[in-house]
Amino acid sequence: MDSRQAILSRIRTSLKVDAGDTERAAVVAKRLAERPPGIIPKRGQLPPAERLALFIAMAEKYNATTERLSTLEALPQSVAEYLKQRNLPAAIRIGADARLTSLPWHSAGALDIRHSASDGNDLVAVSHAFGGIAETGTLCVLSGPDNPVTLNFLPDHHIVVVEAAAIVGDMESVWANLRKADEETMPRTVNMITGPSRSADIEQTLLLGAHGPRALHIIIVGTPA
């Protein structure tokens, strides 16, 4: 008997059940299959337009900036304008996300586009979020070569693109959508991002960029569903 089986055996003994307890096994299997939701606050349970407005309000409350675009094709020019307004170099880092790499970046002028994970020397990164949570203004960003985790934490400025239709009312809905998107393979990491990195540990003074980007710019594309 290996250590895992030994631990499980002790648990069964303490619960006074045996390994062949099919009734308990059926209860567990049913719960895993049905995934019953817990109590969900009504805060984010709003019509699409109001849900989007709440997301924007909450994101800005936590020091993020937001922008609306009608189409994803307008993103290169929007990113170029962001860099210009903040006097940043015309250089960004993106992953292998086809929704980003296929865009007409040449239309934004002489923009240096670097690919793959950040090496810690990038000022600006652009990522694509899986979804957003209206009740907290939170972004859900998945790990992988499409959107490397390092882009979420190393650059000073993080620009995140999210479809308006992917903004839901609550965290439970984001997880439900993720399971629907791929029942077999889950990402290794799911980052929930609410505003830029900040801390008030020292003398209760708010400091942006304490553990990650000091600026988070959210670009919302399209209309809410």
Side-chain angles (χ1 to χ4, degrees), residues 28-56 58-59 62 64 66-75 78-79 92-103 115-118 125-153 158-195 212-213 216-225:
V28 172
K30 183 173 184 291
R31 183 173 181 84
L32 289 174
E34 295 181 356
R35 293 189 288 266
I39 297 173
I40 299 175
K42 290 185 177 181
R43 178 180 178 82
Q45 310 308 305
L46 299 168
E50 293 178 36
R51 186 169 63 235
L52 177 57
L54 176 61
F55 173 82
I56 293 171
M58 294 303 295
Y62 292 110
T66 63
E67 181 181 353
R68 297 284 306 277
L69 294 180
S70 57
T71 65
L72 194 56
E73 284 67 30
L75 180 65
S78 174
V79 170
I92 62 171
R93 172 81 65 175
I94 62 176
D97 195 312
R99 291 165 294 192
L100 300 180
T101 58
S102 63
L103 293 175
H115 295 276
S116 73
S118 175
V126 180
S127 299
H128 194 285
F130 176 78
I133 303 170
E135 65 177 348
T136 55
T138 299
L139 292 164
C140 175
V141 184
L142 311 183
S143 66
D146 287 356
N147 295 281
V149 168
T150 52
L151 303 190
N152 301 339
F153 299 105
H158 194 194
I159 300 172
V160 182
V161 182
V162 62
E163 275 82 17
I167 295 174
V168 295
D170 48 79
M171 184 179 291
E172 289 83 355
S173 295
V174 163
W175 286 111
N177 288 345
L178 183 55
R179 291 189 182 100
K180 289 176 185 176
D182 195 338
E183 285 282 353
E184 299 299 325
T185 305
M186 295 288 280
R188 185 174 187 183
T189 304
V190 176
N191 289 128
M192 298 294 185
I193 302 173
T194 308
L216 173 66
H217 185 60
I218 304 172
I219 298 179
I220 303 164
V221 180
T223 56

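Just so it is clear, the structure is predicted and the values come from calculations on it, not from any experiment. All residue numbers in this chain count up from 1 along the given sequence.
- Of all heavy-atom pairs spanning Thr150 and Ser118, the tightest one is OG1-N, 2.9 Å.
- Leu52 and Ala164 get closest at one heavy-atom pair: CD2-CB, 4.4 Å.
- Contact detail for Leu54 and Gly44: the closest heavy-atom pair is CD2-CA, 4.2 Å.
- Residues Trp175 and Val190 form a side-chain contact, since some pair of their non-hydrogen atoms from C-beta on lies under 4.5 Å apart.
- Residues Ile94 and His115 are in side-chain contact: their nearest non-hydrogen atoms beyond the backbone lie under 4.5 Å apart.
- For the pair Asn177 and Phe130, the minimum side-chain heavy-atom distance is below 4.5 Å.
- Counting heavy atoms from C-beta outward, Ser127 and Asn152 have side chains that approach closer than 4.5 Å.
- In this structure, Thr136 and Met171 have side chains that are not in contact, with every pair of non-hydrogen atoms separated by 4.5 Å or more.
- Atom CD1 of residue Ile219 and atom CD1 of residue Ile159 lie 5.5 Å apart, to the nearest 0.5 angstrom.
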Inset, instruction - Starting from the C-alpha separation in whole Å, work towards a yes-or-no answer on side chain to side chain contact (heavy atoms under 4.5 Å, CB included) for Ile56 and Arg68. - result: CA-CA 10 Å; Ile56 293 171; Arg68 297 284 306 277; 4.2 Å; yes
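- Of all the heavy atoms in Pro148 and Ser116, the pair that sits closest is CG-C, 4.0 Å.
- Between Met192 and Val174 the shortest side-chain heavy-atom distance falls below 4.5 Å.
- Heavy-atom minimum distance, Thr66 versus Ala59: CG2-CB, 4.2 Å.
- Partner of Leu139 under the side chain to side chain contact (heavy atoms under 4.5 Å, CB included) criterion, chosen from Leu216, Asn191, Thr194: Leu216.
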Legend entry - Derivation and outcome, side chain to side chain contact (heavy atoms under 4.5 Å, CB included), residues Leu75 and Leu100: CA-CA 9 Å; Leu75 180 65; Leu100 300 180; 3.7 Å; yes
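- To the nearest 0.5 angstrom, Thr101 atom OG1 is 11.5 Å from His128 atom NE2.
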Legend entry - Derivation and outcome, side chain to side chain contact (heavy atoms under 4.5 Å, CB included), residues Ile133 and Cys140: CA-CA 8 Å; Ile133 303 170; Cys140 175; 5.6 Å; no
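- Here the shortest heavy-atom pairing between Ala129 and Val141 reads CB-CG2, 4.1 Å.
- At least one donor-acceptor pair closer than 3.5 Å links the side chain of Arg51 to the backbone N or O of Ala225.
- Although no hydrogens or angles enter the test, the distance criterion places no donor-acceptor pair under 3.5 Å between the side chain of Asn147 and the main chain of Leu142.
- For the atom pair Ile220 CD1 and Ile167 CD1, the distance stands at 4.5 Å (nearest 0.5 Å).
- Side-chain contact between Val160 and Ile193 is absent, with no heavy atoms from C-beta onward closer than 4.5 Å.
- The CZ atom of Arg99 lies 6.0 Å from the CD atom of Glu163; values are rounded to the nearest 0.5 Å.
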Legend entry - Stepwise side chain to side chain contact (heavy atoms under 4.5 Å, CB included) check, Leu151 with Arg93: CA-CA 8 Å; Leu151 303 190; Arg93 172 81 65 175; 3.3 Å; yes
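- Expressed to the nearest 0.5 Å, how far CZ of Phe55 lies from CD1 of Ile218 amounts to 4.0 Å.
- In this structure a side-chain-to-backbone donor-acceptor pair under 3.5 Å is present from Ser102 to Ala98.
- Side-chain contact check for Ile40 versus Gln45: some heavy-atom pair is nearer than 4.5 Å.
- Between the OG1 atom of Thr71 and the CG atom of Leu103 there is a distance of 9.0 Å, given to the nearest 0.5 Å.
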